[in-house]
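We use all heavy atoms of the structure for the numbers below, so side chains are in, but hydrogens, waters and symmetry mates are not.
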Amino acid sequence: MRIAKIYLLGQDPRFRYFSYRVPLDKSYDKGELVIVPFREKLVAGIIAELTNGNLNGLLPIVGRLRLTTSPVVHIGKMILALSRLYLCSPAEIFDLVTFGQAQRRINLFFFTVRNGKRH
């Protein structure tokens, strides 16, 4: 069964990944930005690695973050590449490129883009 190692964006701890179950009817790629449950809420994350393994006790990925203006997977792959270059986690890179206001930027970037227009 497929397991995704996901770094949470705008959440602590930023330096480690969390494992989530990939639903059987879905297919995800490394670098995709997804929505996952974390501490009784839904948060954004980036898939850093996909592996096979034991799914006991793992929560499933809820879905993909979708944008109408640009391919989300390209943004995710860029974050992964920068994290390898700077030797830090993808979540830490995300914080750096959002100038320390990660949660605010996530809300602005992902949730205010509707129908190709900013609201």
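- Residues I93 and L85 fall within the same hydrophobic cluster, defined by Ile, Leu, Val, Met, Phe, Trp and Tyr side chains chained together at heavy-atom separations under 4.5 Å.
- The number of heavy atoms from other shown groups lying within 6.0 Å of CG (L24) does not exceed 12.
- Here L50 pairs with R2, A4, V22, I47 under the side chain to side chain contact (heavy atoms under 4.5 Å, CB included) rule; sequence neighbours left out.
- Among residues at least two apart or in separate chains, ring pair (Phe, Tyr, Trp, His ring centres under 6.0 Å) pairs with a member in residues 20-56 are F18-F38.
- The side-chain heavy atoms of V34 and I46, taken from C-beta on, include no pair separated by under 4.5 Å.
- Under the salt bridge (charged side-chain N to carboxylate O under 4.0 Å, His left out) criterion, R16 pairs with no residue at all, not counting sequence neighbours.
- Using a 4.5 Å heavy-atom cutoff, the side chains of L9 and L33 are in contact.
- Residue pairs meeting the ring pair (Phe, Tyr, Trp, His ring centres under 6.0 Å) criterion with at least one partner in residues 40-61, sequence neighbours excluded, do not occur; the list is empty.
- Every pair passing salt bridge (Lys or Arg N to Asp or Glu O under 4.0 Å) that includes a residue from residues 49-58 is listed here, sequence neighbours excluded: K5-E49.
- Atom CG of L42 is separated from atom CD1 of I35 by 7.0 Å, given to the nearest 0.5 angstrom.
- With sequence neighbours left out, the ring pair (Phe, Tyr, Trp, His ring centres under 6.0 Å) criterion links Y17 to no other residue.
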May I have the list of side-chain donor-acceptor pairs in residues 52-62 shorter than 3.5 Å, sequence neighbours left out?
unit_1: N54; atom_1: OD1; unit_2: N56; atom_2: N; d: 3.0
unit_1: N54; atom_1: OD1; unit_2: N56; atom_2: ND2; d: 3.2

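- Pairs engaging residues 78-91 under the side-chain hydrogen bond (donor to acceptor under 3.5 Å, both in side chains) rule: S89-E92 [sequence neighbours left out].
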